[in-house]
Amino acid sequence: MLKNVSSPVPAVLRLAFPESKIFVAIPALNEGATIGSVVLKARQYANEVIVVDDGSTDDTAKTAAMAGAHVIQHTRNLGKGLAIRSAWLYARDHAPEIFVLLDGDHQHDPKDIPRLVEPILEGVADVVLGVRWGKTSRMPIYRRIGKRALDYATAAGAKNGLLTDSQCGFRVFSPRALAAIEPTDNGLSIESQMLLEAQEWNLRIQEVNIEARYDLDGSTLPPGKHGTHVLVRLITLVSEKRPLFFFGLGGAVLLTVAILLGFVVVDRFYATRQLAVGYTFIVAMSAIVGIISVFIGIVLNAMKKMVAGGSKTLGDRR
Ligand SMILES: Nc1nc2c(ncn2[C@@H]2O[C@H](COP(=O)(O)OP(=O)(O)O)[C@@H](O)[C@H]2O)c(=O)[nH]1
Ligand SMILES: [Mg+2]
């Protein structure tokens, strides 16, 4: 399943990071048109470039190998998440000091690698997240809106708040992060899942602005479908990671509706001496479901705490 093409340490890397062992991993699905140049550019900053070809029907694997990448090939399409997982497990086996992830469609520019790597080399971050935002990005407005919605949805599942670009695939990880984070989601929600894990493990996350291109946009999925897929998965993730927040908030909303409509029912009853049956039914249902939801939140939260045995510490994984 694995094809190895050894790559010499290029001169730029030796000059920029003489001491460091840097791996760059690129998940790729049908990126034959761009993968060659992305690999060649990335090799300038890495000891090894890994391309995970995920059942592409074009020449992605061949082109990546010719450009000098170590190619991990899935025989069928398993999704971006599992492609990242394959690269992650390979990296764990080879213990790089820096592990970089970036996209294979040339939306990210490997020349940004040194700036993203810096906080990790300086020992001030475990995860460095590329930010396609403000002047550095020409992201179309519809993408910005969708991306922001997913940033907030991701933050709902996180204990340390909002990140500027939770969906950016250009990221750098320290050995601590490589050991702690367990990428398991099999689709495009992988970006959020990894960040939620990083926050659960109290890893230090830094954000660095990057260049991002949209003129050659060849997204695997249409943005609407991509966003919906991630959002649906995020709802499940938030309910798993923060059950008290998720079910408690849902329950509180329903109980508020029940109380407000309850006033309407009482008011109508005093005015007409007749029970508004429809409203009464909604009040009863909202109250019952609301109470059950809060109860589920409390029970799941207690179970989560028991299973986790308190807060996660990195000692568990290292
Ligand atoms: N291995 C693998 N890579 C994928 C898959 N889907 C997308 N990618 C890669 O993930 C990166 C980002 O995907 P893309 O569709 O451009 O996402 P977008 O830019 O957010 O719309 C690209 O390098 C794709 O080739 C997949 O199913 N498997
Ligand atoms: Mg893209």
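Atoms within a ligand are numbered from 1 in the order they appear, just like the ligands themselves.
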A.B. asks: Which ligand 1 atoms, with their elements, are less than 4.0 angstrom from a heavy-atom of Gln107?
C.D. replies: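 The list of qualifying atoms is 16 (O), 19 (O).
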
A.B. asks: Less than 4.5 Å apart, any side-chain heavy atom of Leu29 and any of Thr60?
C.D. replies: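 Answer no - side chains too far apart.
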
A.B. asks: Which of the numbered atoms in ligand 1 are below 4.0 angstrom from a heavy atom of Asp103?
C.D. replies: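 Listed by number with element: 11 (C), 12 (C), 23 (O).
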
A.B. asks: Can His106 be said to touch ligand 1, with heavy atoms closer than 4.0 Å?
C.D. replies: no

A.B. asks: Quick check: does Gln107 have an N/O/S atom under 2.8 Å of the Mg ion (ligand 2)?
C.D. replies: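 Yes, within the cut-off.
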
A.B. asks: Quick check with a 6.0 Å cut-off and a 45 degree axis cone: is Arg171 positioned over the face of Phe173's six-membered ring?
C.D. replies: no

A.B. asks: Flag the pair Glu207 / Leu163 as yes when at least one side-chain heavy-atom distance between them is below 4.5 Å, and no otherwise.
C.D. replies: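 In short, these two side chains touch, coming nearer than 4.5 Å.
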
A.B. asks: Side-chain contact, heavy-atom cut-off 4.5 Å: Asp103 with Phe170?
C.D. replies: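 A side-chain contact is absent here, since even the closest heavy-atom pair is not under 4.5 Å.
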
A.B. asks: Checking the N or O distance criterion of under 3.5 Å, is ligand 1 in contact with Pro27?
C.D. replies: yes

A.B. asks: Before signing off on this row, confirm whether Thr220 and ligand 1 have an N or O atom pair separated by under 3.5 Å.
C.D. replies: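 Yes; the residue has a nitrogen or oxygen that sits under 3.5 Å from a nitrogen or oxygen of the ligand.
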
A.B. asks: If you count the atoms of ligand 1 from 1 in the order shown, which ones are under 4.0 Å from a heavy atom of Ala83?
C.D. replies: 1 (N), 2 (C)

A.B. asks: Quick one: which ligand 1 atoms are inside 4.0 Å of a heavy atom on Asp54?
C.D. replies: 1 (N), 2 (C), 26 (C), 27 (O), 28 (N)

A.B. asks: Val52 heavy atoms, cut-off 4.0 Å: which ligand 1 atoms fall inside?
C.D. replies: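 Once the distances to Val52 are compared, the set is 1 (N).
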
A.B. asks: Going by the order shown, which atoms of ligand 1 are within less than 4.0 Å of some heavy atom of Asp105?
C.D. replies: 16 (O), 23 (O)

A.B. asks: Do Phe99 and Leu101 make a side-chain contact, defined as non-hydrogen atoms from C-beta onward lying under 4.5 Å apart?
C.D. replies: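 Yes, their side chains come closer than 4.5 Å.
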
A.B. asks: Does ligand 1 have any atom that is closer than 4.0 Å to a heavy atom of Gly169?
C.D. replies: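 Gly169: no contact with ligand 1 (<4.0 Å).
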
A.B. asks: Would you please name every residue forming a salt bridge (Lys or Arg N to Asp or Glu O under 4.0 Å) with Lys147, sequence neighbours left out?
C.D. replies: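 Listed in chain order: Asp151, Asp165.
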
A.B. asks: Other residues, nucleotides and ligands only: do more than 12 of their heavy atoms fall within 6.0 Å of CD on Gln274?
C.D. replies: no

A.B. asks: For the Mg ion (ligand 2), which N, O or S atom of Asp105 is at the shortest distance?
C.D. replies: OD2

A.B. asks: Heavy atoms only, cut-off 4.0 Å: how does His226 contact ligand 1, side chain, backbone, both, or neither?
C.D. replies: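 Side chain only; the backbone of His226 stays clear of ligand 1.
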
A.B. asks: Which ligand 1 atoms does Asn77 reach within 4.0 Å, using its non-hydrogen atoms?
C.D. replies: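 Those qualifying, in numeric order: 26 (C), 27 (O), 28 (N).
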
A.B. asks: Using a 4.0 Å cutoff against the non-hydrogen atoms of Glu31, which atoms of ligand 1 qualify?
C.D. replies: 22 (C), 23 (O), 24 (C), 25 (O)

A.B. asks: Start with the C-alpha gap between Arg132 and Glu211, add the side-chain angles, then the distance that decides, and say whether salt bridge (Lys or Arg N to Asp or Glu O under 4.0 Å) holds.
C.D. replies: CA-CA 7 Å; Arg132 306 159 294 171; Glu211 301 272 355; over 6 Å; no

A.B. asks: Quick check: Leu29 and ligand 1, any N/O pair under 3.5 Å apart?
C.D. replies: yes

A.B. asks: Within a 6.0 Å radius of atom CZ on Arg204, are there more than 12 heavy atoms belonging to other residues, nucleotides or ligands?
C.D. replies: yes

A.B. asks: Would you mind reporting whether Leu237 and Gln193 have side-chain heavy atoms less than 4.5 Å apart?
C.D. replies: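 A side-chain contact under 4.5 Å exists here.
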
